[in-house]
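Everything quoted here is computed from the prediction, not taken from an experiment. Chain letters run A, B, ... following the sequence lines, proteins first and then strands; every chain starts at 1.
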Amino acid sequence: MKKTLFDKVWDAHVVKEIQDGPQILYIDKHLIHEVTSPQAFGELEQRGIPVFRPDQIVATADHNTPTEDQHLPVKDALSRNQLEQLTKNCEKNDITLYGLGHKYNGIVHVMAPELGITQPGMTMVCGDSHTSTHGAFGTIAFGIGTSQVAQVFASQCLLLQKPKSLRVNVNGQLKPGVLPKDVILYVIAKLGTNAGTGYFCEYAGNVFEDMSMEGRMTVCNMSIEMGARGGMIAPDETTFEYIKGKKFAPTGAEFDKKVAYWKTLPTDKDAVFDKEYHFDAADIEPMITYGTNPGMGIKISENIPVDNNASFEKSLAYMNFEKGQSLVNQEINYVFIGSCTNSRIEDFRIAANYIKGKKKANNVTAWFVPGSQLVAQQIVEEGLKDVFEEAGFRLRQPGCSACLAMNDDKIPEGEYCVSTSNRNFEGRQGQGARTILASPLVAAATAIEGKIIDITKQLN
Amino acid sequence: MDKFTKLTSSAIPLSIENVDTDQIIPARFLKATSREGFGENLFRDWRFHKDGSINQDFVLNDTKYKGKILVAGDNFGCGSSREHAAWAINDYGFKVVVSSFFADIFKGNALNNGVLPIQVTPKYLQELFNEIQKDTNTQFEVDLENQKITILATGSSSSFEINSYKKTCLMNGYDDIDFLISNKAEIEEFENKRI
């Protein structure tokens, strides 16, 4: 039978099939962080169950960490307690932790790929829905709840039913200024927030083949925003080149052996998907969202649609936007470049390239938050930090930051924030905050202009 | 985990679509290290105004409505994987959530915490909303063994799907950890074969 990339990786990890029930799926790598792991450790301890494979777990502190003065004790007592708990749990169970201040610390989905922990053909899980990011490497990676975190601790396995398969094809030539973030926002706007529920999605076509690993990660990251548990892109030379030489990547003959295996993973020609969509790259433009879920996106040059559904109206009321309105010239006081979606070196290169020689708008408060210590270091080495500082921007320290506002990086009530993160839910960036999702280029342009501009006019 | 077999209760209607887990439990309440007490902050920013006063317009604050069943709009539980959402719903006192569509991760998390997610057709969901509208105290019977939900006043019922393994777990109060550990020999054998 012809197999998809997903089938090949999944089938290679099935330990056992339960009659009329789920399958036992083996998990190669388990990533953990401070927010969704303490109750799982607690559960195991209470039941006297040891952690089965501690060397297959990697921990980082990211969700709850401050992005300033990381060398000082964390001010918020509850956050501090959660971080201390993670340290204790990792020490007790012999788990590698890249805690606050460690040279490898960073957002879990930025840190693992850049260290070569993420590799094609693996199964990876984390108590975080954006684990789908790692699918960019041809990895089955998905978010799990805390009960499942405990299950993986106890057995390195999960009980799952195999999801259905979905393929999103985007072919053709992207217009100037259209970034991977625009591609995925466009796809979600077309398909809606639940088109992928029950499915694992493969992204195929020359648009994804031509993307860098950073771009592929941005795309796969947002798979969950259309409901898909995970997204995958077939591993190719771009993938192998990215992994080569990374800290935990295989080396020498072992690397060659792995590459030979990774090359067998792409979907067989004529393999059949349960659902398939095709899009024309030429139709995609820089995107922004106007509502309170990531499916509520439009091309920056378009007007907000007119709909009479009660949930749509509730959403527009929260955003304080009108049906049929254009968002061009909308004044914006907050800009956030960061999150597991867009905080990699490429994102800061794009922002710096636009910002170079310009000045930050006076009305704008901008938070530029690198995804990891390594990204932060690279920003300095490439001279991007100087570009930002000359324009009036200041870099903060790595973490999830204003994407979910668990730390002090909160957008004030009623304010709009053009954000490179992944969710524009009500209150996501702070109580009453209004989020507009966009690419790092649109975010940078907004920070310079102090308002949303039709970036396509500058580019064409 | 508590056992679940049968439940008869009135229901609370939440006719909003795409309710995400950030609404069910906002991120700023995820700093706890135990599973208890999340019910207090369930739908926090809809239940309370920013100054802490009660939002009388929100359905959970309307004393007309009570019960252990939450009837919600399409695509309930989308967004973040936080199991805290399922803990909050359970802790508040809901044992069943009915919707025309559930997000995957939420559905799994609910089942792992003894909360039954019931997916019905959009038409039947509307019928449930209508019945609650007519009589806020109208009773519903949820029968897990026969996979059926019934509006007792009208006798109108709908069957629902549940994986047979998960059904057994819920009816007996089992969770997956014990089952997985009982398969450890096969897991180790799998590991050895791969090397």
For B:E127, give me all partners under salt bridge (Lys or Arg N to Asp or Glu O under 4.0 Å), at least two apart in sequence or on another chain. none

Heavy-atom distances under 4.5 Å only: say whether B:E189 touches chain A with side chain, backbone, both or neither. neither

Could you go step by step and tell me if B:D104 and A:R229 meet the salt bridge (Lys or Arg N to Asp or Glu O under 4.0 Å) rule? CA-CA 7 Å; B:D104 275 342; A:R229 198 74 182 263; 5.0 Å; no

Distance-only donor-acceptor check, side chains B:Y165 and A:Q161, under 3.5 Å: no

Which atom names give the shortest non-hydrogen contact between B:I105 and A:G145, and what distance separates them? CG2-N, 4.4 Å

Using heavy-atom distances under 4.5 Å, tell me whether B:A103 contacts chain A through its side chain, its backbone, both, or neither. backbone

Which atoms of A:Q19 are under 4.5 Å from chain B, going by heavy atoms: the side chain, the backbone, both sets, or neither? neither

Which portion of A:A310 sits near chain B, non-hydrogen atoms under 4.5 angstrom: neither

Evaluate the criterion side-chain contact (heavy atoms from CB on, under 4.5 Å) for residue pair B:N75 and A:T193; output intermediate values, then yes/no. CA-CA 8 Å; B:N75 198 24; A:T193 51; 3.4 Å; yes

Could you look at A:N64 and say if it's the side chain, the backbone, both or neither that has a heavy atom under 4.5 Å from chain B? side chain

What part of A:R423 lies closer than 4.5 angstrom to a heavy atom of chain B: side chain, backbone, both or neither? side chain

Under 4.5 Å from a heavy atom of chain A, the part of B:K184 involved: side chain

Contacting moiety of B:F179, where chain A heavy atoms sit under 4.5 Å: side chain

Any sub-3.5 Å donor-acceptor pair from A:Q39's side-chain atoms to B:S34's backbone N or O? yes

Any side-chain donor paired with an acceptor under 3.5 Å for A:S147 and B:E83? yes

Region of A:Q46 in contact with chain B, defined by heavy-atom distances below 4.5 Å: neither

A:Q431 side chain to B:D45 side chain, donor-acceptor N/O pair below 3.5 angstrom: yes

Interface moiety of A:L78 toward chain B, non-hydrogen atoms closer than 4.5 Å: both

Under 4.5 Å from any heavy atom of chain B - which part of A:Q85: side chain

Is chain A contacted by the side chain of B:N112, its backbone, both, or neither, given a heavy-atom distance below 4.5 Å? both

Do the non-hydrogen side-chain atoms of B:D74 and A:N194 ever get within less than 4.5 Å of each other? yes

Between A:D128 and B:R82 (salt bridge meaning N to carboxylate O under 4.0 Å), is one present in this structure? no

For the side chain of B:K166 and the backbone of A:G21, is there at least one donor-acceptor N/O pair under 3.5 Å apart? no

Does the side chain of B:W46 come under 3.5 Å of the side chain of A:E426 through a donor N or O and an acceptor N or O? yes

